[in-house]
Amino acid sequence: MDIAERALEAAGASLEDVIRTRIMLTDVTQWKDAARAHGERFESIRPVTTFVEVSHFIDPAWCRRRVNRVQARIP
């Protein structure tokens, strides 16, 4: 989320402008932890959110859960 937040700031936006997020998990049983972490950043913003289980990531160095996409309204 830090990377996404910096990208938003570079575009003149912030987390408050986010309207959609997509979370990819390699272990869907961890959805509660991912939802809790997501909620820490977006508790008052409440973007549309999708959780998806994937079998693996192309690059094994990627973490087990990853925010794949953040969509925002750019002012």
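Side-chain atoms are counted along with the backbone in the values below, which use heavy atoms only and exclude waters and symmetry mates.
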Participant: To the closest 0.5 Å, what do you measure between CD1 (I19) and CD1 (I45)?
Facilitator: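 Answer for the CD1-CD1 pair, I19 versus I45, is 12.5 Å.
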Participant: Please report the shortest heavy-atom distance between H38 and P47, naming the atom on each side.
Facilitator: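 In terms of heavy atoms, the two residues are closest at CE1-CG, 4.1 Å.
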Participant: I'd like to check the side chain to side chain donor-acceptor pair (under 3.5 Å) partners of T29; sequence neighbours left out, ordered by chain and number.
Facilitator: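 With sequence neighbours excluded, T29 shows a side chain to side chain donor-acceptor pair (under 3.5 Å) to D27, given in chain and number order.
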Participant: Can you list, pair by pair, the side-chain donor-acceptor contacts under 3.5 Å of residues 1-10, counting residues two or more places apart and other chains?
Facilitator:
| from | atom 1 | to | atom 2 | distance (Å) |
| --- | --- | --- | --- | --- |
| D2 | OD1 | R41 | NH2 | 2.5 |

Participant: Which distance, rounded to the nearest 0.5 Å, do you find between the CG of L25 and the CZ of F51?
Facilitator: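 Atom-to-atom, L25:CG and F51:CZ are 6.5 Å apart.
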Participant: Run the salt bridge (Lys or Arg N to Asp or Glu O under 4.0 Å) test against R46 and tell me which residues pass, sequence neighbours left out.
Facilitator: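 With neighbours one apart ignored, the set is empty.
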Participant: Where do M24 and V54 come nearest, in terms of heavy atoms and distance?
Facilitator: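 Closest pair (atom of M24, atom of V54, distance): SD-CG1, 4.1 Å.
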